[in-house]
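Since we're looking at a predicted model, the values are computed, not measured. Both backbone and side-chain heavy atoms feed into the values below; hydrogens, waters and symmetry mates do not.
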Amino acid sequence: MDVAIAVSKKCCFLCWSLHQKLNGKGDLKFSLPGTHNSIYAWIPPLEVPEDVLIELRNNLIAIAGNVVDSHSRQSSGASEDVEGFQPSEPELEQAMAQYFTTKK
């Protein structure tokens, strides 16, 4: 069952990521207009399953690591912009594996 969520603007990166994760679970599918990929301070809605929150956290860890690595390779002091960055599945898997092996 598709559920349209009435919003007038595109979603931030975390809301869009949450929508993607939740669409992979259960029978409901949420339809949103898209994302502008900006990352803001964010508090997830109540009742979001813990496994979904862990996946969102891991995505952010992967993005942060990629931005830091990319920035350190630049010769200028310009800040790195994360807008439009979408990590690939192998990057996410690698970041998750690294995170969980260092937590032990």
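Distance SG/Cys11 to CD/Gln20: 10.0 Å, rounded to 0.5 Å.
For residues 41-54, the side-chain hydrogen bond (donor to acceptor under 3.5 Å, both in side chains) pairs, not counting sequence neighbours, are Lys25-Asp51.
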>> Applying side-chain contact (heavy atoms from CB on, under 4.5 Å) to Leu32 and Lys10, what does each step give before you reach the verdict?
In response: CA-CA 8 Å; Leu32 294 170; Lys10 291 183 176 182; over 6 Å; no
>> Evaluate Leu18 against Leu22 for side-chain contact (heavy atoms from CB on, under 4.5 Å), listing each step before the verdict.
In response: CA-CA 6 Å; Leu18 177 62; Leu22 292 177; 3.9 Å; yes
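Residue Phe13 comes nearest to Leu60 through the heavy atom pair CE2-CD2, 4.3 Å, listed as atom of the first residue, atom of the second, then distance. The two residues Ser38 and Cys12 come nearest to each other via the heavy atoms O-CB, 3.5 Å.
Under the 30°/60° scheme for interplanar angles, the aromatic rings of His36 and Tyr40 are found to stand perpendicular.
In this structure, the side chain of Ser17 does not engage the main chain of Leu56 through any donor-acceptor pair within 3.5 Å.
Counting heavy atoms from C-beta on, the side chains of Asn59 and Lys21 come closer than 4.5 Å.
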